[in-house]
Amino acid sequence: MSGLNGLVEKALPIAEWMMKIGGGLTLLALIYLALQLFGGRTTAMALGTPLWSNINLATSLFGPLAILAALGAIFVIWEQKGAGIALSVLGLGLFIGAPIVLGKQFNAGNGSVAGYAATQLMDACRIAGFGITAIGLLKWLIEVVVWLMEMPDRMKQKADVGKGQGLDPKQQRVARDANMFSPCWSLPFCREVIRKQCPAYLARKRCWKFKRGCYCDDEMIARIIRGDSLEKILAPTKMSQLRKPPCKRCYIYLEHQTHKFKVMSPLAVPLTIMFMFAIWNPFTTVFRPAYQKMDTWQKNLHLFSAPDPFQADAKNKEEARKIGEIDPEQVITYSQTMLGMLIGFFALIYISKFIEWAVFEAKL
């Protein structure tokens, strides 16, 4: 992961400028559009005028500039935990929430300057929301992959039972072919001089199943080193009487579980796909009425509404509504898909955490 961090470090100066320039211009465009939204509610929108062109320019720049700022920002806050999910939520809010608020509160498509600006800004918010969500999800995916790859090393840092260095070269050669099915005596930390009289080895039973081993039972090891008889070596010790060996802190056991985790962790992806396939129909069934209910709630809210000055001119109003109009069904479909992707990423994380728990804590 040092290579990835090095790349981020190199890109940081450019990313800072991207964030500053993109963010600054996005803010200017938003301020200009806000002035039109709040100041043009009772003014008719004349197509082809400089004002019409300026609104089009501001809204056409808003989406790409917001994406540029988000792309720069993700590098600037790269080390912050949850940066990916925060950006994804922001993008989803822009894509789903902002158009609903703009459309209903500023009478999008009613023929006024504010209505036209709202209609154009709704499209711009969808473009910005889609791009920002994609950047956030990509960063989130990288975070999950890095977390999975570094998990074994983090678990091994907890090891304090036994010794993880100064290993027997002969045993290291034996352990080159170790896998998730390898017994403790085929892993790199087993010591040949101890193994010959180790009760677990003689019983051909893994030490974590035998409940005592050469790294955790000092009393048994002392007997082996002294050359005591096998009968005395097998005699109960304090460790065997406790029946609670510290496997989760043992180099041998964690090495074994690391092999198992490397095999099982990729299963998180197909399991997530299966989970999303299983819940997709119920999710889509619930999403549509929930979206429509939120839409209805916004219709009744009218925080910034003003009397419609174009009620008498139905033709003008209809033509204005068609400018930049997006099919509502398409909006619902896109919103549903993006929210589904977000749920899928949450599912991937928690399934991965379950695999981690099953391997390292539950000793699966």
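Numbering of residues begins at 1 and proceeds along the displayed sequence.
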Taking [Y] as the starting point, is it possible to reach [X] by hopping between hydrophobic residues whose side chains are less than 4.5 Å apart?
X: Ile279; Y: Ile273; result: yes
X: Trp357; Y: Leu271; result: no
X: Phe345; Y: Leu267; result: yes

[Y] side chain reached by [X] side chain, heavy atoms, under 4.5 Å:
X: Ile252; Y: Trp208; answer: yes
X: Ile74; Y: Leu138; answer: no
X: Trp280; Y: Phe283; answer: yes
X: Leu87; Y: Ile77; answer: no
X: Ile349; Y: Lys353; answer: yes
X: Gln336; Y: Leu339; answer: no
X: Thr133; Y: Met341; answer: no
X: Ser265; Y: Val359; answer: no

**Report entry** Lys20 bridged to Glu16 by N-O distance under 4.0 Å
**Finding:** no

**Message:** For a side-chain contact (heavy atoms from CB on, under 4.5 Å) check, start with the C-alpha distance between Ile194 and Ile225, then their side-chain angles and the critical distance, and finish with the verdict.
**Reply:** CA-CA 8 Å; Ile194 302 296; Ile225 293 174; 4.1 Å; yes

Mind checking whether [X] and [Y] have parallel, tilted or perpendicular rings, split at 30° and 60°?
X: Phe130; Y: Phe95; value: tilted
X: Phe360; Y: Phe261; value: tilted
X: Trp78; Y: Phe75; value: parallel

- [ ] For Met180, look at atom CE and say whether over 12 heavy atoms of other residues, nucleotides or ligands are found less than 6.0 Å away.
- [x] yes

Practice problem: Flag yes if more than 12 heavy atoms outside Leu141 fall under 6.0 Å of its CG atom; otherwise flag no. | Solution: yes

What donor-acceptor contacts under 3.5 angstrom involve side-chain atoms of residues 58-68, with partners at least two apart or in another chain?
unit_1	atom_1	unit_2	atom_2	d
Thr59	OG1	Ile55	O	2.8
Thr59	OG1	Asn56	O	3.1
Ser60	OG	Asn56	O	2.9
Ser60	OG	Leu57	O	2.9

Residue pair His259, Phe181: steps toward the side-chain contact (heavy atoms from CB on, under 4.5 Å) verdict: CA-CA 9 Å; His259 285 291; Phe181 300 108; over 6 Å; no

Next on the checklist: Ring centres under 6.0 Å, that's the criterion: do Trp140 and Phe346 meet it?
Outcome noted: yes

Does the structure place the NZ or CZ of Arg206 under 6.0 Å from the centre of the six-membered ring of Phe210, at an angle of no more than 45° from the ring's axis? no

Sequence neighbours excluded, the answer for salt bridge (charged side-chain N to carboxylate O under 4.0 Å, His left out) partners of Glu143 is Lys139

Residues passing the salt bridge (charged side-chain N to carboxylate O under 4.0 Å, His left out) test with Lys205, sequence neighbours excluded, are none

Minimal heavy-atom distance between Leu12 and Val76, with the atoms involved, is CD1-CA, 3.7 Å

